[in-house]
Amino acid sequence: MFPVALLDDGRLLRTVVERSPAMSLQQASMNADPNLIDLRYRMRHSAAHVMAEAVVKLFPEAQIAIGPPTEDGFYYDFEVSRPFAPEDLEAIEALMRETITADRPFAGEELARSAALERFSDQKFKVEIISDLPEDEQITVWSHQSWEDLCRGGHVDSTGKIGAFKLLSVAGAYWRGDEKREMLQRIYGTAWESQEALDDFLERVAEAERRDHRRVGRELDLFFFDPISPASPFFLPKGTIVLNGLIDYVKELYVKYGYQEVTTPQIFNTDLWKQSGHYDNYLENMYMMNVDDREYGVKPMNCPAHAMLYAANTHSYRELPIRYADFGRLHRYERSGVTHGLMRVRTFSQDDAHIFCTLDQIAQEVNSFIAMLDEAYTLLGFDRMRLALSLRPEKRVGTDEMWDRAEAALSQVLDASGREYGIEPGEGAFYGPKIDFFVPDALGREWQLGTVQLDFSLPERFDLHYAAEDGTLQRPVVIHRAMLGSLERFMGVLIEHLAGALPVWLSPVQATVIPIADRHIEFGQTVVDKLRAAGVRADVDDGNDRMNAKIRAAQQRKIPYMLVVGDREQEAGQVAVRERAGGNLGAVDVDEFVTRIAREVADRA
RNA sequence: GCCAACGUAGCUCAGUGGUAGAGCAGCGGUUUCGUAAACCGCAGGUCACAGGUUCGAAUCCUGUCGUUGGCUCCA
């Protein structure tokens, strides 16, 4: 299903499918024929070479690192005496055009290791790459006459075939992705088979920016940020309606799927964090404080508190599974530079729950969770996502037998579900394997929403047990799980997914009445009263704008229903219904419309 | 945390050493209009913060904070 290509540095390039605009780009390339995908790969790879040539011409001292194609472009990393400026990109582009116009053929050449080391002796990164290659690895160099580069190949025939390209941005990047190594300057660019394809791509990027949740959040008065509490959203009344709408929905699912909601403290004495292991492993991400000479930590997770709830009573196998849900606010000190709008914040809440069950119950619990998640994602419009099963890491707790059973349980559930998933060996948490559910944002960055994680460690640390059928005390397993993940992040992803046009049940204002003239305001207000009495969030636009301006404003506020009232409607006791999508439903009796929208809200249609 | 850019009115931005500007939003008035922007007027800013250079700083320099794009991280 996923077209896969190998990057220069050996990583897999994977194309992901989604409905968001940036993703439709990849969707387009998925639907495109393999030849086109291959052509783009070779064009971009070739463009990277041509760019490196241009950079070295302008910066003779440059040390060049690697330059692979990516999902929608390419980049190349350099170590230069000064950072690149925007004007540099123009100069580099100009030189690239010369090379492309010259239409120089690409040709590959095999080299002995010693010869390769000799040829790149003044390029320390290339020397490092060559030195790290296995002894038996074939070393190849690809050139387009005026430039040659260590490369395993995959080019267009000649530089003239590179197509329409554009350099996009400069960024910092560590050599070999290691923050202890050199910081390099990375230039991102993109290349397409035609100017139209390039323009198309740039338009998609622009559309992604238009639906960026930070911009939409401001436009719709949902939330804002302030340096007084960095990376911590302030939710305005409208944003709070959305947040609460999501929580209310999840609570309904909790009733259906047998969860019990609990409430736990916000700060805990350090003793708890020592017992849970957070003090040793997570301290740098925690907010700590001293009060009355005792040290406290603000909770970054709910798990330890839930373990305490479980341990507060003895439990029989007959009670299991026990499912504790908690919307408690969490605080995590995220390093500066990693936060991003609502997607990565320092305080947030989750639709978090912990399931205490027996080893034998894992499969059914995970299955039930995925069914619930599926129900929620379908309702919320996320029909495609990436699933990843993460297996045992090197450093871990628990016996191999436990891991065998846990991993088998997860993969069996996934296999039975019939959906595709990736396997990521070694990526599991030290306390157990997990399944993560990822969805991309408007700019194509992937964010984890759902997760289900098995935990063998927490029950040990808190000495949890239950009385088994045979009267012995047994250790339960804990399953950490969240569907929407961080509610803040989910709201961000949802906004971008829907470009701010939230479903009626989540819309902060579900209907707005638009009086044509002042004499219709009073009637409009009676409509609003009826809507509110039926539980519908409605208002009336009584400003002295013309109707056209009011409609425009309502469209921009993404209000699902606009109810125009003039002389005709007032006389007939009707409203002229206009939908956000632009459709005009014509005049409808007020009572009929109230009934209809109230049902739509109740059904979350 | 690292590399870089940026921070001017509620929002989007202009303003490169000489008294702070526009559009939108807001407020007041005129208009009372049939499915995406009527008209006139008013008000609104310690130019992120602190220090420095200068006769004079939004503008130049240093530091801090924050944001953005990447990288790294995301038990």
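The chains referred to below are lettered A, B, ... by the order of the sequence lines, with proteins before strands, and numbering in each begins at 1.
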Working to the nearest 0.5 angstrom, can you tell me the gap between [X] [atom1] and [Y] [atom2]?
{"X": "A:Glu427", "Y": "A:Leu389", "atom1": "CD", "atom2": "CG", "answer": "11.5 Å"}
{"X": "A:Asp400", "Y": "A:Glu407", "atom1": "CG", "atom2": "CD", "answer": "9.0 Å"}
{"X": "A:Arg578", "Y": "A:Thr512", "atom1": "CZ", "atom2": "OG1", "answer": "12.5 Å"}
{"X": "A:Ser486", "Y": "A:Met343", "atom1": "OG", "atom2": "CE", "answer": "9.5 Å"}
{"X": "A:Glu334", "Y": "A:Arg344", "atom1": "CD", "atom2": "CZ", "answer": "4.0 Å"}

If I pick the [atom1] atom on [M] and the same atom on [N], what distance separates them, to the nearest angstrom?
{"N": "B:G21", "M": "B:U16", "atom1": "C1'", "answer": "16 Å"}
{"N": "B:U8", "M": "B:C13", "atom1": "C1'", "answer": "9 Å"}
{"N": "B:A37", "M": "B:G56", "atom1": "C1'", "answer": "44 Å"}
{"N": "B:A38", "M": "B:C24", "atom1": "C1'", "answer": "16 Å"}
{"N": "B:A50", "M": "B:A57", "atom1": "P", "answer": "14 Å"}
{"N": "B:G51", "M": "B:C65", "atom1": "C1'", "answer": "15 Å"}
{"N": "B:G70", "M": "B:C27", "atom1": "P", "answer": "38 Å"}
{"N": "B:U12", "M": "B:U54", "atom1": "C1'", "answer": "33 Å"}

field: Nucleotide-resolved protein contact map, nucleotides 67-75 of chain B, B/S/- at heavy-atom distance under 4.0 Å
entry: SSBBBBBBB
message: For a quick check, with a 4.0 angstrom heavy-atom cut-off, what is the B/S/- contact string for nucleotides 33-49 of chain B, read 5' to 3'?
response: BBBBBB-----------
Is there a Watson-Crick or G-U wobble partner for [N] with both distances under 3.5 Å, and if so, which one is it?
{"N": "B:C13", "value": "B:G21"}
{"N": "B:C49", "value": "B:G63"}
{"N": "B:G26", "value": "B:C42"}
{"N": "B:A57", "value": "none"}
{"N": "B:C71", "value": "B:G1"}
{"N": "B:A37", "value": "none"}

Distance in angstrom units between [X] [atom1] and [N] [atom2], rounded:
{"X": "A:Asp518", "N": "B:G29", "atom1": "CG", "atom2": "C1'", "result": "13 Å"}
{"X": "A:Arg218", "N": "B:A25", "atom1": "CZ", "atom2": "C1'", "result": "14 Å"}
{"X": "A:Glu209", "N": "B:U12", "atom1": "CD", "atom2": "P", "result": "14 Å"}
{"X": "A:Leu184", "N": "B:A4", "atom1": "CG", "atom2": "P", "result": "12 Å"}

Any residue meeting side-chain hydrogen bond (donor to acceptor under 3.5 Å, both in side chains) with A:Gln275, in chain and number order, not counting sequence neighbours: none
task: Output all residues satisfying side-chain hydrogen bond (donor to acceptor under 3.5 Å, both in side chains) with A:Glu600, sequence neighbours left out; order by chain, then residue number.
output: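 Listed in chain order: A:Tyr561.
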query: So with a 6.0 Å cut-off around CE of A:Met308, is the heavy-atom count from everything else above 12?
result: no
- prompt: Do any N or O atoms from the side chain of A:Thr347 and from the backbone of A:Leu330 form a donor-acceptor pair under 3.5 angstrom?
  reply: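 Judged by distance alone, yes, a pair lies under 3.5 Å.
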- prompt: By side-chain contact (heavy atoms from CB on, under 4.5 Å), which residues pair with A:Phe125, not counting sequence neighbours?
  reply: A:Gln63, A:Ala65, A:Glu79, A:Trp175, A:Glu182, A:Leu184
message: Between A:Val55 and A:Gln185, is there a side-chain heavy-atom distance shorter than 4.5 Å?
response: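 The answer is no; the side chains never approach within 4.5 Å.
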message: Pair A:Ser276, A:Met301 - check side chain to side chain contact (heavy atoms under 4.5 Å, CB included), show working.
response: CA-CA 11 Å; A:Ser276 69; A:Met301 298 170 195; over 6 Å; no
message: For a side chain to side chain contact (heavy atoms under 4.5 Å, CB included) check, start with the C-alpha distance between A:Lys166 and A:Leu202, then their side-chain angles and the critical distance, and finish with the verdict.
response: CA-CA 10 Å; A:Lys166 183 175 167 62; A:Leu202 295 175; 3.9 Å; yes
message: Let me spell it out: for each of A:Gln185 and A:Pro227, pick the nucleotide of RNA chain B with the closest heavy atom. Which residue's pick is nearer the 5' end?
response: A:Gln185
task: Describe the nucleic acid contact of A:Glu219 in one word from base, sugar-phosphate, nothing, applying a heavy-atom distance below 4.0 Å.
output: nothing
query: Going by number, which of residues 77-93 of chain A have a non-hydrogen atom under 4.0 Å from RNA chain B?
result: A:Pro83
